[in-house]
Amino acid sequence: MPDHLIKPHGGELVDLLVDEARTAELKEASRDWPSWDLTDRQVHDLELLLTGGFSPLRGFMSREDYEPVLESMRLADGTLWPIPITLDVTESFAEGLEAGQRIALRDTEGVMLAALTVSDVWTPDKRRKAEAVFGTTNPEHPAVGYLFNTANPVYVGGTLEGVQRPVHYDFRQLRLTPAEVRTRFAKLGWRTVVAFQTRNPMHRAHVELTRRAAAEVGANLLIHPVVGMTKPGDVDHYTRVRAYQAVLKRYPRQTAMLSLLPLAMRMGGPREALWHAIIRKNYGVTHFIVGRDHAGPGSDSSGTPFYGPYDAQDLLREHEAELGVVMVPFKLMVYLEDQDTYLPIDEVPEGARTLSISGTELRERLAEGREIPEWFTYPEVVTELRRTHPPRSKQGFTVFFTGLSGSGKSTVANALLVKLSEIGGRPITLLDGDIVRKNLSSELGFSKEHRDINIRRIGFVASEITKHRGIAICAPIAPYDEIRQDNRAAISAYGGYVLVYLNTPLEVCEQRDRKGLYAKARAGIIKEFTGISDPYEAPEDADVVIDTSTMSPEEAANQIIIELERLGYVDVNEDR
Ligand code: PPS
């Protein structure tokens, strides 16, 4: 781009919140406007637009800004801006919207947060956007997956008048706006400030890195973690913020400050790093730390990284002067055992013994309740992590039986219930087919639609029980694979999930016919009877398979307990 077309970042803060009188006027007028309920992502974007975190933007992007952002990371006026900030809406909402029209933007509770004056409405080419911004159309990239599968199809551009900031009830004293952070710096006399971006808990390596960075450039430190949306599967922000608060005490007094950033990350690697630097400049810092694989989503399923480890540093270096923020680049920090110290990997002397623990390894150590060494992190951080990530032997789990009527589900489930009660330590709920049909699903019949609703309900209750670290034993027929798989995914997010398939042959089930239902089904008195006149999809992902025609209920229950022990959810030898 020729120099005269480049508009440097001035650092003036945009403040889109209007005064009381205008707020009242807008609220009154909004009765006649269309109303859009913002998604979580949009609420976060709106907050940074309103408070100036996204200065110089004054609204959701128009097409005129969007196109050059895709192609050359610049707004229409030449200002560097790498990530599109767009308002995606449904086709039905977009229908009939015209330039000049007003829309009320509301949070999920229906509270009006802002008025948008529409500039234009268009349908973006999502694949082109993915390729241009994220360098890939692979939906395994979180932002590309979001764009393709979650984001609405139509974009509405327009300028904003803010009525109120999105409401947050947590860590209010740490949620400072750009203006508040700047005021705080001025009050403290901090002229040179280096910001540290993070979406992970901070361990010793991060503290050493930030202390070094601050010392290198003679700056104070702003620890500026993202508490909006981060990468799916990350440690939740409540845990992280408690850990950051603890870690803050590890810095020399009055040298470091913690403030939270309500950003919805895209995991866009180099472009995102540039965006982070612009945002931090708006918060008033002079320097910005960029480490290894900044804001990268890691690798795809074939093991290919989406971005090179230092691509973000390269891109920032290119634009540093124009940005007016100095990058403090950092290589990966590693621990030198012999010297009990951390060093950037390129400064490690030849042959020195280094240690490191990856994120995966840390999760495994937490899940197994193993030691987490002090060279890696601080005891106070471990305490916080263990509170939300207990070992598997303290996590909840679900044992989900599936099988034909009469296959022995209830009998084995009851035997398991008694055996797990004997081991003790966790509350247990039995969600037997009949119990559920009486208490949760009494209005349902046996059509596919009704069975699916029934199994979804069981899955929901079991996931809540698992989340609360109890044991759910479910024993419905659950004949359909897709719903079983959905339940597995939902429950596994909170704890253990073991699918037990009772593959007792139909002839045996029919012969048992305890309730006389098979006879009625054969006679056509009961319709849609599983195995006779209705399908049963045998699972291919069962963790335990049991044929009760060849095994006693006790043996069957023992087999399940052995599996639970193998996975670590039950520890019969555990100290109480
Ligand atoms: S499902 O498919 O999972 O929703 O079924 P579930 O809730 O487990 O209910 C199965 C019990 O209801 C009785 N019953 C029937 N089962 C299958 N098909 C039909 N049409 C039917 N009508 C009534 C039967 O007693 C099942 O109990 P179990 O314990 O499986 O024998």
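Indexing begins at 1, ligand by ligand and atom by atom, following the structure's order. Because the structure is predicted, anything quoted here is derived from the model rather than measured.
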Any donor-acceptor N/O pair, Glu272 side chain to Gly268 backbone, under 3.5 Å: yes
Salt bridge flag under 4.0 Å for residues Arg242 and Glu380: no
Which residue and heavy atom of the protein sit nearest atom 3 (O) of ligand 1, plus the separation: Ala478 N, 2.8 Å
Atom 20 (N) of ligand 1 has as its nearest protein heavy atom Glu528 O, 2.7 Å
Quick one: does Asp234's side chain have a donor or acceptor within less than 3.5 Å of a partner on Thr230's backbone? no
Can you name the atoms of ligand 1, numbered from 1 with element, that are less than 4.0 Å from a heavy atom of Pro476? 3 (O), 8 (O)
Quick one: does His203's side chain get under 4.5 Å of Val381's, heavy atoms only? yes
Cation over ring face, Arg266 and Phe134, 6.0 Å, 45°: no
Residue and atom name of the nearest protein heavy atom (relative to atom 29 (O) of ligand 1), distance in Å to one decimal: Lys515 NZ, 3.2 Å
In the protein, which heavy atom is nearest to atom 22 (N) of ligand 1, and how far is it? Phe446 CE1, 3.3 Å
Which of the numbered atoms in ligand 1 are under 4.0 angstrom from any heavy atom belonging to Pro479? 2 (O), 3 (O)
Rounded to the nearest 0.5 Å, what separation is found between the CG atom of Asp486 and the CZ atom of Arg484? 11.5 Å
Contact with ligand 1 for Lys527, non-hydrogen, under 4.0 angstrom: yes
Leu404 and ligand 1 - part of the residue with a heavy-atom distance under 4.0 Å: neither
Contact region, Ile477 to ligand 1, non-hydrogen atoms below 4.0 Å, reads both
Atom 31 (O) of ligand 1: the protein heavy-atom neighbour that sits closest, reported with distance to 0.1 Å: Ser405 OG, 2.6 Å
Just to confirm my output: which protein heavy-atom neighbour is closest to atom 9 (O) of ligand 1, and how far is it? Arg437 NE, 3.3 Å
Return yes or no for this condition: an N or O of Ser410 is under 3.5 Å from an N or O of ligand 1. no
If you have a sec, work out which protein heavy atom is nearest atom 30 (O) of ligand 1 and how many Å separate them, to one decimal? Lys409 NZ, 2.9 Å
Less than 6.0 angstrom separating the ring centers of Phe397 and Tyr497, yes or no? no
Quick check: do Thr198 and Tyr244 have side-chain heavy atoms less than 4.5 Å from each other? yes
Validate the cation-pi geometry between Lys448 and Tyr480: distance from NZ or CZ to the six-membered ring centre under 6.0 Å, angle to the ring axis within 45°. yes
Tell me whether Leu517 reaches ligand 1 (any heavy atom closer than 4.0 angstrom to a ligand atom). yes
Out of Asp534, Asp434, Ile483, the nearest non-hydrogen contact to atom 11 (C) of ligand 1 is supplied by Asp434
Determine whether the side chain, the backbone, both or neither of Ser441 has a heavy atom under 4.0 Å from any heavy atom of ligand 1. neither
Just one of Arg522, Lys515, Lys520 clears the salt bridge (charged side-chain N to carboxylate O under 4.0 Å, His left out) bar with Glu510, so which one? Arg522
Per-atom filter on ligand 1: closer than 4.0 angstrom to a heavy atom of Ile455 are 3 (O)
I need the nearest protein heavy-atom contact for atom 18 (N) of ligand 1: residue, atom name and distance, please. Arg451 NH2, 3.1 Å
Can you tell me if Thr530 and Arg451 form a side-chain donor-acceptor pair at under 3.5 Å? yes
State whether Tyr494 and Lys467 meet the cation-pi test: NZ (Lys) or CZ (Arg) under 6.0 Å from the six-membered ring centroid, and within 45° of the perpendicular axis. yes
Check for me whether Thr530 has a heavy atom closer than 4.0 Å to any atom of ligand 1. yes
Would you mind running through ligand 1 and noting each atom that sits below 4.0 Å from a heavy atom of Gly406? 31 (O)
